Amino acid sequence: MSFSVSRGGTWWSAADAGGVSLPSIDPELPDILVGALARLAVPAGTVADGALAVPDAPGGTMTNGLLAAHEAAPADGGEPLDGTGPVAAGYFGFESDAPAVFEVASSLSRGPVPRPNPQHVTAVTAVPAREDYERAVADVLGDLTGPGPLAKIVLGRWADVEADRKIDTVSLAAALALGNPEATVMRLAASTPDGPQTLVTATPELLIARRGRRVTSRPLAGSAVRHPDPVRDARQAEALLADAKNLREHRFVVEAIADTLLPLCIDLRVPGTPGLVSTPAMWHLATEITGTLRDDVNVAALAQLLHPTPAVAGTPTDLARDLIARLETRPRGPLTGAAGWMTATGDGEFHVVIRAALVAGNRARLFAGAGIVAGSVPRDEALETAAKMRTVLTALGLSQSIE
Ligand SMILES: C=C(O[C@@H]1C=C(C(=O)O)C=C[C@H]1O)C(=O)O
């Protein structure tokens, strides 16, 4: 197995990775990863066996010792990976019973983004079609405006892609990296009910980064489609920043993340109003939340605590998740899960798996969702999901999105 991570024109990859696969999101997962990394971190024979024992909980003596050296580094400075030590990379899925898959490598090689080969797509099908998705959104608006507790739900749809030969996942990830230099592009081994697949994402959304005790989260929610005309594009961005519905949609996510991080932090900075981030396809409201951890909680454990945020599920989370399982055509599995990496110190980054595809042989499945709140317009939400699909479809060589 192998994985790759790319950002800002650099490409890290692991050729010698070993796998850790669990049938579902598991509270033990961060400890299992810490154990696997600790075994790789220390050259055999240099430390007595006893000292190598994996601590029972994250934050045991070994990770604490290694952490001290990293304490001074800011969470948002420097490169995302140095590649010189062991790294675990993988994902856990959207549903709590979806498999979690990680690979552990003793080191990464680093180089430029490879040149992508062209792909050979022959068909793209929206599942469900636009009218059916709009009907589902219209139906759920009844729940959002009624007396019940549901305040936000993220409803998505799929694009099923077929090619006349094998889809080359390294080329797909490379094309995504070249077309979206700000995104974090990951190519990871995935497990689905249909068998092993490859997960490829060019995500703009940081769930959590940890460097020493410093943590950063940059949730996105509230979106507008980019316009080819620069004047109208700037107007769309300004309108988004001032739009009450989108600001409310965004606030649910910021509050959920702040509520989770607050008890874990000795300080937490949560800006009161969002800023903007853009991808070639979309504008998004974004808030950068930063804090300092009280205890040594590793980044995989933090990601499990935060996932899924209302950016991909809704508010309240459990109700939204149950409704999504009933209303969406298929389980999401890795899509809208959390993917990232962790080093032996417990540092690393996890990102929300959006602008993503699951690839198997000649086929790929893309997913895109949109946050629905009272006041949402079904047609606009359908257009938003189609615009979000454009990121991966462009990297597959297509100039058009789904309807
Ligand atoms: C769910 C997706 O995107 C999420 C939903 C957003 C929204 O509703 O505005 C914006 C960014 C993401 O947090 C997706 O891209 O599939």
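Index from 1, following the sequence. These values consider heavy atoms only, across backbone and side chains, with no hydrogens, waters or symmetry-generated copies. No experiment lies behind these values; they were computed from the predicted model shown. As the structure lists them, so they are numbered: ligands from 1, and atoms in each ligand from 1.
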Distance from atom 6 (C) of ligand 1 to nearest protein heavy atom, with residue and atom: K388 NZ, 3.2 Å

Residue R363 excluded, over 12 heavy atoms near CZ under 6.0 Å: no

Protein contact to atom 8 (O) of ligand 1 [nearest heavy atom, distance to 0.1 Å]: G371 N, 2.9 Å

Heavy-atom gap E249 to ligand 1 smaller than 4.0 Å: yes

Donor-acceptor under 3.5 Å (R210 side chain, G212 main chain): yes

Distance (rounded to the nearest 0.5 Å) between R365 CZ and R330 CZ: 3.5 Å

Per-atom contacts, ligand 1 versus H284 - under 4.0 Å to a heavy atom: 10 (C), 11 (C)

Geometric N/O contact V154 with ligand 1, under 3.5 angstrom: no

Test item, E384 contacting ligand 1 (heavy atom, 4.0 angstrom): yes

Nearest non-hydrogen protein atom, atom 4 (C) of ligand 1: A311 O, 3.5 Å

Distance from atom 1 (C) of ligand 1 to nearest protein heavy atom, with residue and atom: G369 O, 3.5 Å

Main-chain N/O of V185 paired with S6 side-chain donor or acceptor, under 3.5 Å: no

Check: R248 side chain, A374 main-chain N or O, donor-acceptor pair, under 3.5 Å: yes

L220, any N or O under 3.5 Å of ligand 1 N or O: yes

Aromatic ring pairing H307/F94, orientation class (parallel under 30°, perpendicular over 60°, tilted between): perpendicular

Atom 13 (O) of ligand 1: nearest protein contact (heavy atom, Å): E205 OE1, 2.5 Å

Residue-ligand contact G222/ligand 1, heavy atom below 4.0 Å: yes

Pair T292-D267, side-chain donor/acceptor within less than 3.5 Å: yes

Atom 9 (O) of ligand 1 - nearest protein heavy atom and its distance: S223 OG, 2.5 Å

Over all atoms of both residues, closest heavy-atom pair of N246 and D243: ND2-OD2, 2.8 Å

